[in-house]
Amino acid sequence: HSLPSLDLDGVACYMMSPKCRRICVMAGAGISVSAGIPDFRSIATGIYNSKATTAYSSLPTPQHMFDNEYFLSDQAPFYSFFAKDLFPSATTKPTRTHHFLRLLSQKGLLTKMYTQNIDSLERLAGLPPDKIIEVHGSLATASCAECGKSCDAQRMAKTIRRGGLPTCEKCGGAQKPDITFFGEKLPFLVREQMKLKMPDLRNCDLLLVIGTSLAVQPFAGFIDKVPRGCPRVFVNKGAVGSGRAGEYDDKGGQHMWGALGNYRDVLLEGECDRIILQLASKLGWMDELNGVVKE
Ligand code: OAD
Ligand code: ZN
């Protein structure tokens, strides 16, 4: 087995070995929390639990904010959320975790980063666009929710922030940013990857899963695309998956850091920036990481 021990030391040791050349990353909202962007499911502070969201009492559940069918019938809650809370501000900065991923890429170790985040902080941190798969789309582009005709995202954003209703010039339907809502197809690039059976995941030596509750499919299922011998490292604060940390079990029960016979799954529990810094330090990458941050 590849990992000398199922802990931070084991992960660092493996990463320094010649066996670990192709790393894939799967990330979620947790990696942007220290940049000031709330996640979805954290108790009290998550978008689905905070007062800000539940204040939209017209919504059956907070998740309806990002529900396609609901949006088609009533755009007001999403538009108001978009105007106030969704756009990362001009001063939002990538985190240490984002910078570490950029360093991984610079070292030629990163093959793909699959992110559920729509904040574009990966790009801002300087990760090459061809390394990033925005699984739930991004705010960079926008289109009509009825007919799909693309539109100017900046113009749409301006209209929404002014309190207006941006509509399609072709069919009059409501416009929305190209972020994936529940009940919607994933972006073309992701569908292509899935059709090709996720080649980067299939050929990977290490999977880093950072800051995601793994609650949303098909993303959560990507962790099962890597080879059986591939170590998987989960860097997360608190709950992961359907149960609490250590309880997450998909069909195969192959990824349980607490389970008997586990040989490849490591849970590093805590704030990702802190754990990533510890890892960088064990790898002897601190100077380079600080260099990336200064750029
Ligand atoms: P969640 O809010 O579901 O999960 C974020 C995870 O990050 C939680 O398990 C937190 O405990 C953890 N976390 C928070 N802060 C952290 C920190 N500083 N360091 C480490 N971990 C931290 O967010 P996602 O898993 O990204 O989809 O959510 C997945 C999808 O659900 C989103 O893309 C969005 C949402 O509905 C759509 O809107 C389609
Ligand atoms: Zn239209």
Side-chain angles (χ1 to χ4, degrees), residues 1-28 30-32 34 94-115 121-122 125-128 130-133 198-212 214 222-237 240 245-246 254-259 261-295:
H1 300 319
S2 308
L3 288 175
S5 58
L6 296 174
D7 55 15
L8 188 71
D9 285 319
V11 175
C13 183
Y14 177 66
M15 284 179 73
M16 284 188 281
S17 79
K19 281 192 222 162
C20 183
R21 284 172 300 129
R22 295 161 304 187
I23 301 176
C24 282
V25 175
M26 288 170 57
I31 70 164
S32 294
S34 69
T95 68
R96 283 291 182 279
T97 300
H98 289 97
H99 287 123
F100 177 83
L101 300 179
R102 154 87 188 273
L103 184 58
L104 269 189
S105 163
Q106 244 167 256
K107 287 177 172 290
L109 288 168
L110 183 78
T111 47
K112 274 289 184 298
M113 174 188 186
Y114 301 86
T115 181
L121 290 186
E122 300 85 5
L127 274 152
D130 67 330
K131 299 274 172 200
I132 311 167
I133 303 280
M198 323 277 304
D200 293 303
L201 287 172
R202 260 193 304 162
N203 292 301
C204 112
D205 304 317
L206 175 70
L207 178 65
L208 292 177
V209 184
I210 318 177
T212 172
L214 291 177
F222 292 177
I223 63 167
D224 290 321
K225 305 287 180 202
V226 299
R228 279 181 180 263
C230 173
R232 300 181 300 190
V233 179
F234 300 80
V235 181
N236 206 71
K237 188 172 116 185
V240 179
Q254 290 293 326
H255 42 83
M256 297 173 70
W257 38 81
N262 173 29
Y263 58 94
R264 60 151 166 172
D265 288 343
V266 183
L267 174 65
L268 303 176
E269 202 167 352
E271 308 225 333
C272 53
D273 288 349
R274 189 176 58 78
I275 291 166
I276 289 298
L277 280 182
Q278 286 174 350
L279 180 59
S281 150
K282 293 223 184 261
L283 291 164
W285 294 359
M286 283 309 284
D287 287 346
E288 286 166 286
L289 183 59
N290 288 329
V292 168
V293 174
K294 282 204 198 93
E295 263 177 43

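A quick note: this is a predicted structure, and the numbers were derived from the prediction, not measured.
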With heavy-atom distances below 4.5 Å as the criterion, would you say the side chains of V292 and W285 are in contact?
no
When you compare the side chain of L207 with that of M26, does any pair of heavy atoms fall below 4.5 Å?
yes
Within the distance-only criterion (no hydrogens, no angle test), does the side chain of N262 pair as donor or acceptor with the backbone N or O of R264 below 3.5 angstrom?
yes
Could you pull out all residues at least two apart from D9 that satisfy salt bridge (Lys or Arg N to Asp or Glu O under 4.0 Å)?
K282
Within the structure provided, determine whether L283 and F100 are in side-chain contact (heavy-atom separation under 4.5 Å).
yes
Checking side-chain contact (heavy atoms from CB on, under 4.5 Å) for the pair R228/Y263: CA distance, chi angles, key distance, verdict?
CA-CA 10 Å; R228 279 181 180 263; Y263 58 94; 4.0 Å; yes
Residues in side chain to side chain contact (heavy atoms under 4.5 Å, CB included) with R22, at least two apart?
T111, N203, D205
Rounding to 0.5 Å, atoms CD (E122) and CD1 (I132) come to a distance of 5.5 Å
Should we say atom CG of D130 is surrounded by more than 12 heavy atoms from elsewhere, each under 6.0 Å from it?
yes
Chi angles and distances behind the side-chain contact (heavy atoms from CB on, under 4.5 Å) call for I23, M15:
CA-CA 9 Å; I23 301 176; M15 284 179 73; 4.0 Å; yes
Find the distance between CG (L109) and CG (L206) and round it off to the nearest 0.5 Å.
9.5 Å
Across all chains, not counting sequence neighbours, the salt bridge (Lys or Arg N to Asp or Glu O under 4.0 Å) partners of R102 are E295
Taking distance alone, no hydrogens or angles, what donor-acceptor pairs closer than 3.5 Å link side-chain atoms of residues 272-281 to residues at least two apart or in another chain?
| residue | atom | partner | partner atom | Å |
| --- | --- | --- | --- | --- |
| D273 | OD1 | T97 | N | 3.2 |
| D273 | OD1 | T97 | OG1 | 2.6 |
| D273 | OD2 | S34 | OG | 2.6 |

Do E288 and K107 come within less than 4.5 Å of each other through their side chains, counting heavy atoms only?
yes
Rounded distance [0.5 Å steps], NZ in K225 versus CZ in R202:
9.5 Å
Within this structure, what is the CG-OG distance for the pair L103 and S105, rounded to the nearest 0.5 Å?
9.0 Å
Under the side-chain hydrogen bond (donor to acceptor under 3.5 Å, both in side chains) test, which residues partner S32, sequence neighbours left out?
D119
Minimum-distance pair of heavy atoms, taken over all atoms of P4 and G10
CD-O, 3.5 Å
M113 side chain near K131 side chain, heavy-atom distance below 4.5 Å
no
Just how far is it from atom NE2 of H99 to atom CG of L127, taken to the nearest 0.5 Å?
9.5 Å
Name all residues meeting the side-chain hydrogen bond (donor to acceptor under 3.5 Å, both in side chains) criterion together with K112; count only those two or more places apart in sequence or in a different chain, and write none if there are none.
D200
I need the F234 CZ to I210 CD1 distance, nearest 0.5 Å.
11.5 Å
Kindly determine whether L214 and N236 satisfy side-chain contact (heavy atoms from CB on, under 4.5 Å), including the steps that lead there.
CA-CA 10 Å; L214 291 177; N236 206 71; over 6 Å; no
